[in-house]
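Notes for the one structure printed next.
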Amino acid sequence: MKTILLLLAVIAVAQAGVTLTLSSDDIEAFLKAHNDVRNALDIPSLEWDTKLADFAGDWTSRCVFEHSDGPYGENLYASSPLTNNVTYLAYNSVESWVEELANVDSDWNCIGDSCGHYSQVVWRDSLHLGCAITQCENNPEIFPNLVSCNYDPPGNYAGEKPY
């Protein structure tokens, strides 16, 4: 039994990732990427929340590309190749979510592909943001850069317009 538990612990460590420590410039990149979109729509800017960032980092450190179903709004993004360029990842993740606007009709119905990431980015009532990047290079089931951004209060409710 001890051998099996040890083996499971080794597997868990092998698949766990390294969550990057974000500098103030990194945090500003995430905020700017979000707030540029929100400001263009005259939506209040988001403020950084370390509690949300810690939640995102705890979740992504598992290196599993799935939503946490936690108490916050959440967007996920994964990319390759492995990079330490946080500014690049901040802008690319938000850009990929914002591109979903093309999947929204004039009545705010989602057509075609997903649009929920975009609506969370621009959800008027969300005021706080916390993001994390985990490098998952030992897990072949996921791209090595895993980004999670969490929003509070959460948004993106079906049938409701974000702004």
Side-chain angles (χ1 to χ4, degrees), residues 4-22 26-27 29-31 33-34 37-38 46 48-104 108-160 162:
I4 292 172
L5 291 176
L6 180 60
L7 179 60
L8 290 174
V10 168
I11 290 170
V13 169
Q15 290 188 351
V18 175
T19 302
L20 302 179
T21 300
L22 301 183
D26 299 334
I27 291 168
F30 274 111
L31 284 170
H34 280 83
V37 176
R38 294 171 67 88
L46 295 170
W48 192 259
D49 187 315
T50 56
K51 177 179 70 171
L52 297 175
D54 290 344
F55 182 87
D58 289 345
W59 184 254
T60 59
S61 69
R62 301 173 27 236
C63 288
V64 176
F65 191 77
E66 63 185 30
H67 287 281
S68 67
D69 296 324
Y72 310 113
E74 181 177 64
N75 281 343
L76 299 175
Y77 172 84
S79 71
S80 183
L82 183 69
T83 181
N84 288 322
N85 187 335
V86 174
T87 300
Y88 171 82
L89 291 172
Y91 279 96
N92 276 12
S93 60
V94 175
E95 180 181 339
S96 76
W97 300 327
V98 169
E99 287 175 354
E100 292 180 0
L101 176 59
N103 301 325
V104 177
W108 266 101
N109 296 308
C110 196
I111 53 175
D113 294 329
S114 174
C115 62
H117 300 99
Y118 171 74
S119 63
Q120 180 57 81
V121 169
V122 298
W123 199 263
R124 176 180 295 280
D125 294 337
S126 294
L127 301 173
H128 303 280
L129 172 71
C131 302
I133 299 172
T134 298
Q135 296 180 325
C136 302
E137 56 188 323
N138 293 327
N139 187 343
E141 296 178 13
I142 190 171
F143 287 126
N145 308 302
L146 180 57
V147 177
S148 175
C149 287
N150 284 249
Y151 307 82
D152 192 42
N156 192 28
Y157 296 108
E160 292 185 33

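In what follows, every heavy atom counts, from backbone to side chain, and hydrogens, waters and symmetry copies are set aside. This one's a predicted model, so the numbers in the text were calculated from it and none came from an experiment.
Counting only heavy atoms from C-beta outward, the side chains of Trp123 and Glu160 approach each other to under 4.5 Å. Inter-residue side-chain proximity for Leu22 and Trp48 is flagged as met; some heavy-atom pair is nearer than 4.5 Å. You'll find the side chain of Asn75 stays beyond 4.5 Å of the side chain of Ser93, heavy atoms only. No side-chain heavy atom of Glu141 sits under 4.5 Å from any side-chain heavy atom of Val64. For the pair Asp152 and Pro154, the minimum side-chain heavy-atom distance is below 4.5 Å. Between Ile133 and Thr19 there is no side-chain heavy-atom pair separated by less than 4.5 Å. Inter-residue side-chain proximity for Cys149 and Tyr77 is flagged as unmet; no heavy-atom pair is nearer than 4.5 Å.
Ring geometry for His117 versus Trp97: interplanar angle under 30°, hence parallel rather than tilted (30 to 60°).
Contact detail for Pro81 and Asn145: the closest heavy-atom pair is O-ND2, 2.8 Å. Taking both residues in full, the closest heavy atoms of Ala33 and Val37 are given as O-CG2, 3.6 Å, listed atom of the first, atom of the second, then distance. Nearest approach of Glu100 to Gly116, heavy atoms of both residues: OE1-N, 3.4 Å. Gln135 and Cys63 make their closest contact through O-SG, 4.3 Å (heavy atoms, listed as atom of the first residue, atom of the second, distance). For the pair Glu74 and Asn150, the tightest heavy-atom approach, listed with the atom from each and the gap, is OE2-OD1, 3.8 Å. In this structure, Ser119 and Pro162 approach most closely via the heavy-atom pair O-CB, 3.8 Å.
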For this session: Could you please spell out the steps behind the side-chain contact (heavy atoms from CB on, under 4.5 Å) verdict for Asn103 and Ser114?
Result: CA-CA 7 Å; Asn103 301 325; Ser114 174; 5.5 Å; no
Exercise. Going through the distances and angles, do Phe65 and Asn139 end up as a side-chain contact (heavy atoms from CB on, under 4.5 Å)?
Worked result: CA-CA 11 Å; Phe65 191 77; Asn139 187 343; over 6 Å; no
Problem set entry | Steps toward side-chain contact (heavy atoms from CB on, under 4.5 Å) verdict (Phe30, Val86) | CA-CA 9 Å; Phe30 274 111; Val86 174; 4.1 Å; yes
Problem set entry | Pair Arg62-Thr134, side-chain contact (heavy atoms from CB on, under 4.5 Å): steps then yes or no | CA-CA 9 Å; Arg62 301 173 27 236; Thr134 298; over 6 Å; no
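Although no hydrogens or angles enter the test, the distance criterion places no donor-acceptor pair under 3.5 Å between the side chain of Asp125 and the main chain of Pro153. Without hydrogens or angle criteria, Asp49 side chain to Gly130 main chain gives no donor-acceptor distance under 3.5 Å. A donor-acceptor pair is defined here as one N or O able to donate and one able to accept, closer than 3.5 Å; no such pair exists between the side chain of Glu99 and the backbone of Tyr118.
The distance from the CG atom of Asp26 to the CG atom of Leu31 is 11.0 Å, given to the nearest 0.5 Å. Separation of atoms CD (Gln120) and OH (Tyr72) is listed at 13.0 Å; rounding is to 0.5 Å. Between the CG atom of Leu146 and the CH2 atom of Trp59 there is a distance of 10.5 Å, given to the nearest 0.5 Å. To the nearest 0.5 angstrom, Cys115 atom SG is 6.5 Å from Trp108 atom CH2. Going from atom CG of Leu52 over to atom OG of Ser126 covers 9.5 Å, rounded to the nearest 0.5 Å. In this structure, Leu82 CG and Glu137 CD are separated by 5.0 Å, a value rounded to the nearest 0.5 Å.
Heavy-atom contacts from other residues, nucleotides or ligands closer than 6.0 Å to CZ of Phe143 number 12 or fewer.
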